[in-house]
There are 2 protein chains.
Amino acid sequence: MKLLSKNSLPPNLRDRTFIKQLVTGQRLFQQGDSAKYFFIVQTGRFKLIRYFDTSNVINLEFAKTGDSLGDRSIFTDVYDSSAIALVDSTVIVYPKQLLLSSLLEDPDLAGDLIAILVKKMQSLQVNLELRNIRLAHQRLLQYLRYLATADNDRVINLDRPYKEIALELGFTPETLSRALLRLEQEGKIDRQQNKIILHNSSVA
Amino acid sequence: MKLLSKNSLPPNLRDRTFIKQLVTGQRLFQQGDSAKYFFIVQTGRFKLIRYFDTSNVINLEFAKTGDSLGDRSIFTDVYDSSAIALVDSTVIVYPKQLLLSSLLEDPDLAGDLIAILVKKMQSLQVNLELRNIRLAHQRLLQYLRYLATADNDRVINLDRPYKEIALELGFTPETLSRALLRLEQEGKIDRQQNKIILHNSSVA
DNA sequence: CGCATAGTTGACTACGCTCAACCCTGGTGG
DNA sequence: CCACCAGGGTTGAGCGTAGTCAACTATGCG
């Protein structure tokens, strides 16, 4: 992945690409801003939110290491959402227009970007599939299975608050809490602090 | 968009790209098949479904004119779902490997593909946003607004059965029917056969 | 030590699902 | 030309589950 490492970029693009560090709560970009940059998360994580009228905010998605930010604005001139660092984070900042013109000259870069977009599409697709599962404990279990197969491990490390997971799954924290309890009581999982062990019987 | 017209493709790719016609109910590809092709819908529409165990089927998405099919399998060797024509349809069939190597030689094609993927991402994103709206009539209204702004028209032509729309929105047909009734009674919309008129007051 | 926040648990509410019946339309065949 | 049938769409009644609001605990941070 040439795209993911600043040093392997073609010189003219590399010279104008830089790393940005953000602290918890800091905005990377703001809805309505001129969309001059494209980003990839190096460390940490972000949430994307959208404002409708004032005081009407919705959560769009979460981005973690390796995910792109600002991808929906590749061909539009303003950001359609705001990105906020949930923890101290670093991102690679690409000047969008220069990146796009570099893609035309360096096909490998284009291939890298396509791969990143496809990966993101798949992730959105998984989320959408999960939403089609109505019962909270079943949706949660399926989510845990995805995490387990992705990590190839039955021990799942949840490195972020349940609150956030609840939002991503479309639940309230209360419902997530009860769903976890239920899976535990049914013997499908074990919980110890922020680790979850998926039992053999419930993997298939 | 060079990619969308067979005739503007580079010769070696064009020679192996073809149009395929399908009748209602016909399968374009099957989950598990070797993913040798990438498709773009020219006319008609498709549904993508996934089988878990036998007799456990879920609906993934619907694709209409201009949408890509098989995009999730660009970098994998088998299709992760089956595509079925919902009406008589035609698709452009690209040999996947040749398309990928052509992208590296013709940057315009790569740009076109990126645009298609971004558009699809946005569409998935919209669906996901809609799922975050809990009340059926509100989710439906928001959906109608998207359609209206996309078509830039307050008269929405629903060219497909309500049943299908219900699935896409994550409702049962009964719930969709009641939600339509409610919006009508609240004066937000008018219905006449398969057209829906979005009232001015409810656009913003 | 005090405060803010995450997480948990309980009681109640409300909305969408399920199942059933019915209407309506289009298509088919006698 | 009508009788029949299949499927989409609508409406009704009852149920179940997630949301809401509230109280409480635990944890981390100043």
Side-chain angles (χ1 to χ4, degrees), chain A residues 23-25 45 47 56-59 62 84-88 127 130-144 156-186 188-196, chain B residues 23-25 45 47 56 58-59 62 84-88 127 130-144 156-186 189-196:
Chain A
V23 299
T24 305
R45 53 185 218 282
K47 68 171 172 182
N56 207 345
V57 184
I58 63 166
N59 237 288
F62 296 95
I84 297 175
L86 290 169
V87 296
D88 294 355
N127 276 326
L130 289 173
R131 295 303 182 105
N132 283 328
I133 304 175
R134 317 204 67 273
L135 276 67
H137 64 283
Q138 290 181 4
R139 188 188 297 176
L140 172 61
L141 183 57
Q142 193 65 21
Y143 172 72
L144 294 174
I156 301 159
N157 263 297
L158 299 178
D159 49 345
R160 53 188 184 140
Y162 283 162
K163 228 185 122 181
E164 205 175 303
I165 297 171
L167 259 179
E168 186 161 348
L169 291 177
F171 296 133
T172 59
E174 292 95 323
T175 298
L176 179 61
S177 181
R178 285 186 249 261
L180 281 164
L181 181 63
R182 174 158 179 180
L183 290 181
E184 200 178 16
Q185 288 176 343
E186 290 179 348
K188 305 259 176 68
I189 63 168
D190 269 333
R191 278 192 282 178
Q192 34 211 40
Q193 62 256 10
N194 56 351
K195 285 190 189 30
I196 288 183
Chain B
V23 298
T24 306
R45 52 186 219 283
K47 67 172 173 182
N56 207 346
I58 62 164
N59 237 288
F62 296 94
I84 297 176
L86 292 168
V87 295
D88 293 355
N127 276 324
L130 289 173
R131 296 303 182 105
N132 284 329
I133 305 175
R134 317 205 64 273
L135 276 66
H137 63 283
Q138 290 181 5
R139 187 188 299 176
L140 172 60
L141 183 56
Q142 193 66 19
Y143 172 72
L144 293 174
I156 301 160
N157 263 296
L158 299 178
D159 50 345
R160 53 190 184 138
Y162 283 162
K163 229 183 120 181
E164 205 175 304
I165 297 171
L167 259 179
E168 187 162 346
L169 291 176
F171 297 134
T172 58
E174 293 95 323
T175 299
L176 178 61
S177 181
R178 285 185 248 262
L180 281 164
L181 180 63
R182 174 158 180 181
L183 289 181
E184 199 177 18
Q185 288 176 343
E186 289 178 352
I189 62 169
D190 269 333
R191 277 191 282 178
Q192 35 211 41
Q193 60 256 13
N194 56 351
K195 284 189 190 28
I196 289 184

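Lettering follows sequence order; numbering is per chain, from 1.
Residues satisfying the side-chain contact (heavy atoms from CB on, under 4.5 Å) criterion with A:Ser177, sequence neighbours excluded, are absent altogether. Scanning for salt bridge (charged side-chain N to carboxylate O under 4.0 Å, His left out) contacts around A:Glu186 gives A:Arg182, A:Lys188, with sequence neighbours left out. Take A:Arg131 and apply the side-chain hydrogen bond (donor to acceptor under 3.5 Å, both in side chains) test, not counting sequence neighbours, and it matches B:Asn132. Every residue meeting the side-chain hydrogen bond (donor to acceptor under 3.5 Å, both in side chains) condition with A:Asp88, not counting sequence neighbours, appears here in chain and number order: A:Thr24. The side-chain hydrogen bond (donor to acceptor under 3.5 Å, both in side chains) search around A:Asn59 returns none, not counting sequence neighbours. Partners of B:Asn157 according to the side-chain contact (heavy atoms from CB on, under 4.5 Å) rule, which considers only residues two or more places apart in sequence or in another chain, are B:Lys195. Partners of B:Ile58 according to the side-chain contact (heavy atoms from CB on, under 4.5 Å) rule, which considers only residues two or more places apart in sequence or in another chain, are A:Glu129, B:Arg50, B:Phe52, B:Leu60.
The span of DNA chain C lying next to chain A, judged by atoms under 4.0 Å from heavy atoms, is bounded 5' to 3' by C:dA6 to C:dC17. Along DNA chain D, the stretch of nucleotides lying under 4.0 Å from any heavy atom of chain A spans, 5' to 3', D:dA18 to D:dA22.
Between B:Thr175 and B:Ala136, the shortest heavy-atom distance links the atoms CG2-CB, 3.7 Å.
Residue A:Arg182 is out of contact with every strand shown, counting any heavy-atom pair closer than 4.0 Å. When heavy atoms are screened at a 4.0 angstrom cut-off, A:Arg134 is found touching the sugar-phosphate backbone but no base atom.
Here CG of A:Leu176 is found 10.0 Å from CD of A:Glu174. Values are rounded to the nearest 0.5 Å. Separation of atoms CG (A:Leu144) and CD1 (A:Ile189) is listed at 6.0 Å; rounding is to 0.5 Å. Put simply, CG on B:Asn194 and CD1 on B:Ile156 are 12.0 Å apart, with the number rounded to the nearest 0.5 Å.
Taking five base pairs at each end of the helix from C:dC1-D:dG30 to C:dG30-D:dC1, the local helix axes there meet at an angle of 40°, rounded to 10°.
Within residues 164-176 of chain B, the residues having any heavy atom closer than 4.0 Å to DNA chain C are, in order of number, B:Gly170, B:Phe171, B:Thr172, B:Glu174, B:Thr175.
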Please set out all donor-acceptor pairs under 3.5 angstrom arising from side-chain atoms of residues 161-169 of chain A, sequence neighbours excluded.
residue  : atom : partner  : partner atom : Å
A:Glu164 : OE1  : A:Arg45  : NH2          : 2.7
A:Glu164 : OE2  : A:Arg45  : NE           : 3.0
A:Glu164 : OE2  : A:Arg160 : NH1          : 3.4
A:Glu168 : OE1  : A:Arg160 : NH1          : 2.9
A:Glu168 : OE1  : A:Arg160 : NH2          : 2.8

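Between B:Ile196 and B:Leu183, the closest side-chain pair of non-hydrogen atoms is not below 4.5 Å.
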